[in-house]
Amino acid sequence: MTELLTSAQMRQIEQAAIDSGAVTGLELMERAGAGVVEAILAEWPELGQGAHRAVVLCGPGNNGGDGFVVARLLQERGWDVGVFLYGDAEKLPPDARVNYELWRKMGAVSSWEDLNAEQTTADLFIDAVFGTGLTRPLPEELGRELIMTATPDKTTTKVVAVDMPSGLCADSGKMLGGGGDFSDLVVSFHSAKVGHYLDRSYQRCNSLVVKDIGLDHVFDESQVHLVDQARLSDDSFPGISKRKFDHKYTHGHALILSGGFGKTGAARLAARGALRIGAGLVTLGVPGAAQMEVATRITALMLTRVEDASNLAEVLEDRRLNALCLGPGMGVERARDLVPVALAARHGPRVVLDADALTAYADCPETLFAMLHANCVLTPHGGEFARLFPDIAERLNKEPTRGPAYSKVDATRDAAARAGCVVLFKGPDTVIAHPSGACSINAAVYDREAPWLATAGSGDVLAGFITGLLARGFAPKQAAETGAWLHVEAARSFGPGLVAEDLPEELPKVFRRLGL
Ligand SMILES: NC(=O)C1=CN([C@@H]2O[C@H](COP(=O)(O)OP(=O)(O)OC[C@H]3O[C@@H](n4cnc5c(N)ncnc54)[C@H](OP(=O)(O)O)[C@@H]3O)[C@@H](O)[C@H]2O)[C@@H](O)CC1
Ligand SMILES: Nc1ncnc2c1ncn2[C@@H]1O[C@H](COP(=O)(O)OP(=O)(O)O)[C@@H](O)[C@H]1O
Ligand SMILES: [K+]
């Protein structure tokens, strides 16, 4: 299982290790610097041969200290290394100061004022200006210099950020002022930071490597999980496999409510997703006018007529319908009619609300929140999120003036607490939060990019995946995490050219690869 840490959590873990006498700050800094060099040579083996030129920009704190270690280790390998310091050497914190002095025995430290494009021509450019300690926006001229120096000829210079690209907040991934323009590689320590997976971080960095520096920590619920295969293998998660003695009702019966004539595609996509992910039975609830349209286009799915609220109430007398999906292609009027009935169903089916089922309450989100219960999952994209939680979205989108900045994790946690149910906030950095504050990120970034998911209807399939898993007995947060993870896996497995219809059809391949 992978946990993502905030800078405060990281500092606490580091301090506890130092206080226990297990390690010194200086040892950690040495391991961090060595880890950076190791990661560089693993990423670009050609840099392991012969001598090259590196420029290291060091900042006024311990991130700068790591930079001095990297400079020393590269020079020991025969490299030509230029070092620049932002700030006053006299004021460096103790461990950084020791490494500054060690470097001074080997080479010069140029002042920041001497930075210019010519001096920074190099094979490798190391950004060790700020890491987890950045708490306020970079001074403007510093941001500009970083951008200038970090954008030498990309074809020849590799840019490596130590811990964080300077200027990005480690908790939110947001820019605090200007900053390094782009990093080919970010090398962090012990655990990735939450900010590595949010907002600007992954837009500005190609790859992320986390190096072990010999620290330990115990997971607590305030930490954010990265959804990965290990997470889904956790004992608390139901398996995706079907046991040989199960029958279809063991895997639940999902009801997907569709829109009217000409608007049934989205619900059909969701239904196909629910079926492929293993719901025992999936029924589409369709108004009379759209019945023919749907009937000619489905196989293995069932069809029932749901004209209006009273119809739905009758259909929901069937207690075997244990998971419902409302929203995709539904139209806001039909959503306003049907959502209250779905949420009030006496046998307590689990409910996914997406798309129009969320937009329908843009004018009165409180009405929706009053009806929601703990067995619901909301799956907004950015626009839908802003309609339901305008104040939270505004806070999230505001340019931060200090760190740690309000993040997508904070926003999704606040939204889940307000709604009283699980909220899955979509994007390449999909955040899933439970009202208790438990939170995870399903990331489609770095080596898990899935840009072909940006296609109409892919969100409808995700809603169907989650509904199918709810039908199979997954708890809401587990269903959201598992569905979102499989969604990205299916997209990556299919590859370029993906359209929404391909996602459910790709699941069997993903399942085979998982050894189901
Ligand atoms: N934790 C660990 O286990 C390990 C941590 N390690 C390394 O330490 C890094 C964290 O070090 P850190 O805490 O010293 O913070 P860092 O990022 O160097 O910046 C702080 C300095 O910047 C200054 N400053 C801040 N904002 C500013 C601004 N806008 N404009 C100008 N100045 C600004 C701030 O000044 P102050 O706010 O005090 O005035 C302070 O001087 C971490 O990322 C990792 O690389 C590893 O060595 C090994 C293990
Ligand atoms: N660039 C991207 N990388 C990874 N995932 C993406 C990207 N763009 C969109 N997605 C995912 O695709 C889905 C799109 O959902 P949504 O915006 O609701 O689309 P639609 O309403 O057309 O179905 C979400 O799960 C989102 O996380
Ligand atoms: K940095």
Side-chain angles (χ1 to χ4, degrees), residues 248 252-277 279-318 320-345 349-362 368 371 376-381 383-384 455-468 470-471 499-505:
K248 64 186 175 197
H253 188 168
L255 174 67
I256 316 284
L257 278 314
S258 126
F261 179 71
K263 306 243 169 56
T264 62
R268 282 186 281 116
L269 279 172
R272 190 74 184 163
L275 194 63
R276 274 280 186 219
I277 214 155
L281 300 90
V282 181
T283 294
L284 271 159
V286 184
Q291 259 179 309
M292 276 306 285
E293 172 182 323
V294 172
T296 56
R297 284 184 164 92
I298 56 170
T299 41
L301 295 166
M302 295 183 297
L303 195 62
T304 191
R305 188 169 156 196
V306 175
E307 202 62 48
D308 55 21
S310 64
N311 250 189
L312 179 60
E314 281 163 33
V315 169
L316 290 180
E317 300 273 301
D318 183 348
R320 290 173 303 184
L321 291 168
N322 63 342
L324 316 178
C325 174
L326 293 89
M330 183 169 247
V332 291
E333 274 182 32
R334 183 163 161 82
R336 278 191 210 108
D337 191 27
L338 299 189
V339 166
V341 181
L343 292 176
R350 293 170 173 171
V351 183
V352 174
L353 297 183
D354 184 40
D356 291 341
L358 305 175
T359 302
Y361 291 91
L368 176 65
M371 295 186 289
C376 298
V377 180
L378 310 185
T379 56
H381 58 47
E384 289 149 0
T455 179
S458 71
D460 306 326
V461 176
L462 175 63
F465 281 179
I466 297 170
T467 309
L470 290 173
V499 296
E501 284 95 321
D502 302 321
L503 287 165
E505 308 319 312

Please tell me if the side chains of Val377 and Val351 come closer than 4.5 Å, counting only heavy atoms from C-beta onward.
no
Nearest 0.5 Å, what's the OG-CE distance between Ser258 and Met330?
7.5 Å
Does Leu378 reach the side chain of Leu358, with side-chain heavy atoms less than 4.5 Å apart?
yes
Closest heavy-atom pair and its distance - Ala342, Leu326
CB-CD1, 3.7 Å
In Å, rounded to the nearest 0.5 Å, how long is the span from CZ of Arg276 to CZ of Phe465?
10.0 Å
Any side-chain heavy atom of Asp354 sitting closer than 4.5 Å to one from Cys325?
no
Is the shortest heavy-atom distance from the side chain of Leu281 to the side chain of Leu301 under 4.5 Å?
no
State, yes or no, whether a side-chain contact exists between Leu275 and Ile277 at a heavy-atom distance under 4.5 Å.
no
Would you please name every residue forming a side-chain contact (heavy atoms from CB on, under 4.5 Å) with Ala471, sequence neighbours left out?
Ala254, Ala279, Asn322, Ala323
CG on Leu303 to OG1 on Thr283, rounded to 0.5 Å:
8.5 Å
Can you check whether Val315's main-chain N or O pairs, donor with acceptor, with Asp318's side chain at less than 3.5 Å?
no
Do you know the tightest heavy-atom contact between Asp460 and Pro328?
OD1-CB, 3.5 Å
Return the CD1 to CG distance between Ile256 and Leu284, rounded to the nearest 0.5 Å.
6.5 Å
Please identify each residue that fulfils side chain to side chain donor-acceptor pair (under 3.5 Å) with Arg334, with sequence neighbours left out.
none
Show, in sequence, the C-alpha distance, side-chain angles and deciding distance for Ile298 and Arg268, and conclude whether the side-chain contact (heavy atoms from CB on, under 4.5 Å) test is met.
CA-CA 8 Å; Ile298 56 170; Arg268 282 186 281 116; 3.9 Å; yes
For Thr455, the side chain to side chain donor-acceptor pair (under 3.5 Å) test, sequence neighbours excluded, returns none
Where do Ala500 and Ala456 come nearest, in terms of heavy atoms and distance?
CB-O, 3.4 Å
Roughly how far, to the nearest 0.5 Å, is the CG atom of Leu324 from the CG atom of Leu338?
10.5 Å
Which residues share a side chain to side chain donor-acceptor pair (under 3.5 Å) with Glu314, sequence neighbours left out:
none
Output side-chain donor-acceptor pairs under 3.5 Å for residues 286-294, partner residues at least two apart or in another chain, one line each.
unit_1	atom_1	unit_2	atom_2	d
Glu293	OE1	Gly262	N	2.5
Glu293	OE2	Gly262	N	3.4
Glu293	OE2	Thr264	OG1	2.5

Interatomic distance, CG@Leu353 vs CG@Leu368, rounded to 0.5 Å, equals 6.0 Å
Taking CD in Glu505 as the centre, count heavy atoms belonging to other residues, nucleotides or ligands within less than 6.0 Å. Is the count above 12?
yes
Tyr361 vs Met371 side-chain heavy atoms within contact, under 4.5 Å:
yes
Could you tell me whether Glu501 and Arg272 make a salt bridge, using a distance below 4.0 angstrom between a side-chain N and a carboxylate O?
no
Residues forming a side chain to side chain donor-acceptor pair (under 3.5 Å) with Thr359, sequence neighbours excluded:
Arg387
Per the side-chain contact (heavy atoms from CB on, under 4.5 Å) rule, which among Asp337, Val339, Leu257 passes with Leu312?
Leu257
Which pair of heavy atoms, one from Gly285 and one from Val306, lies closest together, and at what distance?
CA-CG2, 3.8 Å
